[in-house]
Amino acid sequence: MKRRILSAAATITLAACASVPVVEHSKLTDAELAGISAVLKRDFRAKGQAKMDRLEQDEVQRACNLYADKPPAAVAKPLEAAQLTAIKYPGGSMIGDWKNGAKIANSGRGMQWHEKPEAPGGGGCYNCHELSPKQPSHGTIGPSLKGFGKVRGNGPETQKYVYGKVYNSKAYNLCSHMPRFGHTGSLTEQQIKDVVAYVLDPTSPVNQ
Amino acid sequence: MDVERRLVLKGAGVTGTLAFALAAGLLKPERVLAAAWPKDAFDAKSTEDALKSLGASSTVESRDVLIEAPQIAENGAVVPIEVTSNVPGTSSIVVLIEKNPNPLAGRFTFMEGAVPYVKLNVKMGESSHVRVVAEAGGKHYVATREVKVTIGGCGG
Amino acid sequence: MRISGCGGALLMALALAAAPAVAQQSQFEKYQKMVAEGSPVELFELVGEDLWKKPQGPNKVSLENCDLGQGPGVLQGAYARLPRYFQDVDRVMDLETRVLHCMTTLQGRSREEATKRLFGNADKPSEMEYLSAYVAGHSRGHPMAPGQSNAKEKASYELGKKLFFVRTGLWDFSCASCHGEEGKRIRMSELPVLYKPEAARPLMATWPAYRVSNSTFKTMQWRINNCFRQMRTPEPVFGSEVVNALNMFLTVTGQGETYRGPGTKR
Amino acid sequence: MADPMKARATLKGDVAEIRVLMGHPMETGQRKGSDGKPIARHFIQNVTVKVNGKTVVEGEISQAVSRNPVFSFRVKGAKSGDKVEISWLDNKGATNKTETAIA
């Protein structure tokens, strides 16, 4: 039946399948990226805490856009190293309060134009990651982190790794989907420590 | 059926009449509605109390009461439920959401050829059993079904 | 479920490939099907009709002579052929952009007044939302066929395609960050891979839509705006080239599907 | 604008399927407004379906019914052209009704 409708409307739709080009995530040239940046700046307006500076492409976004999220190592490595150097680690233990970390992991709030800047933001961890087995409503964009601390332990190196990953995921994988929560000021030092605790603390439900 | 309710809702002109009566202060809305709507049953905090209030405290399970509902509902704001009673002589169907603060969601009375069937959307605060009670010949037949509720979305 | 054309064959292949996810998937499918069957979406078309025919603005005229691309006053199939190029403004417009244009030109309303409240809520849906429901309803049964012949239509598609993949905003997201890989979810919400026809077809054939999580009617301009909010960018201007280009890209990707909206979404 | 309402009735064999849509907020009383104050409970309590003037279904419902309620009912022995009339009454005393013919 559908075919009949299609053929009747063939003059307008052409062949429905053939006319839809296969879409690939293509690399951009400098000029193309500059053009898109200009269009974005023209067509967006600051609203609430979401100011226009958020459209400025930093070197990380730029490299990912130019290379379709797959920059060659020669491009990615130095940029990752620079991101890593810029991470500000807290002194001493990086394990905060996992109970507060659980709240941050569950909250998808923060940094949006309709929200008050002073309202505490979340990390939205569950949007993408599985963590506690008690929270079945979790996304799958990122890897499962269930039992992460049980497998990896919670020594100083692991603490530093998890803290760094939450602070700036791009230091480890330049075009990671994960936001740079510390680098962008989206989570505070204490909040990141609490998330680290949620992932690593042996008493956290993530590790039960 | 109670007579007062029939009077209140009878005839095409009733809306006008009722509106006039309300406007003229002849009737207090609460009084009209109390008569038309089993308040005690709807205010009940448990399924048992709600059913007791409706005179249906003793029920028997029945395969002839059918509940069609999704096992998992993505959003508790709208949970579609379709209910049919194949118990002969069914005169009314009651729908209860056990975990809701007031479990009774509705009672439907069928007459003049109406099939004991209703489809509606209900709100569910959390995963819960949905219980349906059909009344036929003064007896009450029950079926239950579990619906899990998840809440999606990001951005808080 | 309707399976047809090449999209359908692909869908089936995908369903087989994604076997482990099928149990969960089918449960949501049942929910979505039952919700769609019991949707109050028609109420929005009903109110939209009143608003379409209501004289408004300094010119005290209705929108009944609005030209949505098929000639003044022609509603049948108009939505299914949007976005498209409009010679009178020398640019590509989608449904809402064009309706806004008619409000300012035909009715003589200021853009400021007409855009004061574009996105409503459950307590008070917006005029634009009601109107979108009414107009889109007249395309049921028409195949989705956005404009693609004019140079500006082609440019709009190309821009939309690039925008779909561009990382931007405070959190470095692109549309593809969430809608770029098969079988992914945010929380329990399954994410359609929107640059692939098999995912875009059923979706674009059912927007605009009654959205259960908002308990009200939502439009494509809103849908794109709301994605950018969650991407932590500034706000895209209503009816701007960026939003139209993304809508064009998605609609072309989903073209050929018979329009069966306004739909109902989770 | 008054709350919209719409009904449709179609015959399948000798059973009429009646579908009705009602614009109504169905406030639970638990929701808070933008001012932080709870929004008062406001919901339809009674739904009446008539065919050719005779009441066939009486529904008593609570705030647990979803916003913008949609119901389906079935009536046996109905004929094409029969008049269907559906009305509601809410807890604030407001009413609305709509009519359709069985198609």
Side-chain angles (χ1 to χ4, degrees), chain B residues 15 65-85 93-102 105-108 110 114-132 143-156, chain C residues 21-43 121-123 169-171 173 175 177-179 184-192 209-218 222-233 235 263-266:
Chain B
T15 44
V65 178
L66 310 174
I67 308 173
E68 178 75 355
Q71 273 177 41
I72 305 178
E74 277 184 276
N75 196 314
V78 177
V79 181
I81 293 173
E82 193 172 11
V83 181
T84 310
S85 171
I93 285 177
V94 171
V95 178
L96 304 118
I97 316 298
E98 294 195 350
K99 292 265 183 76
N100 275 3
N102 305 115
R107 175 170 71 173
F108 300 88
F110 307 96
V115 178
Y117 162 92
V118 64
K119 189 172 162 190
L120 73 164
N121 297 323
V122 296
K123 295 170 200 153
M124 289 179 57
E126 56 184 305
S127 298
S128 168
H129 281 97
V130 174
R131 196 184 297 189
V132 172
T144 50
R145 181 123 191 220
E146 193 187 10
V147 177
K148 290 199 176 81
V149 174
T150 69
I151 294 157
C154 67
Chain C
V22 161
Q24 183 110 72
Q25 176 96 29
S26 63
Q27 269 314 312
F28 281 142
E29 257 174 37
K30 180 174 180 185
Y31 174 74
Q32 283 158 4
K33 184 169 172 276
M34 283 189 83
V35 166
E37 285 166 0
S39 171
V41 67
E42 279 171 76
L43 291 176
N121 54 32
D123 294 326
L170 188 71
W171 284 6
F173 287 139
C175 303
S177 298
C178 289
H179 297 285
K184 299 290 183 187
R185 298 194 319 245
I186 285 180
R187 289 283 178 140
M188 297 307 280
S189 305
E190 287 140 11
L191 297 161
Y210 186 83
R211 207 160 173 264
V212 169
S213 42
N214 304 88
S215 297
T216 189
F217 194 84
K218 290 293 168 195
W222 172 86
R223 177 61 273 181
I224 292 169
N225 176 287
N226 203 50
C227 277
F228 279 118
R229 173 174 64 78
Q230 295 174 78
M231 288 162 71
R232 275 73 179 176
T233 67
E235 188 179 34
T264 302
K265 312 276 179 185
R266 73 169 115 75

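Being a predicted model, the structure only gives us computed values, none of them experimental. We name chains A, B, ... by the order of the sequence lines, and we start the count at 1 in each one.
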>> Could you measure the distance from the CE atom of C:Met188 to the NZ atom of B:Lys148? Nearest 0.5 Å is fine.
In response: 10.5 Å

> Are any non-hydrogen side-chain atoms of C:Lys30 and B:Gln71 less than 4.5 angstrom apart?
Replying inline: no

> Which pair of heavy atoms, one from C:Ser189 and one from B:Glu74, lies closest together, and at what distance?
Replying inline: CA-OE2, 4.4 Å

> Taking only residues two or more places apart in sequence or in another chain, which ones pass side-chain hydrogen bond (donor to acceptor under 3.5 Å, both in side chains) with C:Thr233?
Replying inline: none

>> Holding to side-chain contact (heavy atoms from CB on, under 4.5 Å), I want the full list of residues that pass it with B:Glu126, two or more places apart in sequence or in another chain.
In response: B:Lys99

> What are the two closest heavy atoms between B:Asn121 and C:Gly38, and how far apart are they?
Replying inline: ND2-O, 2.9 Å

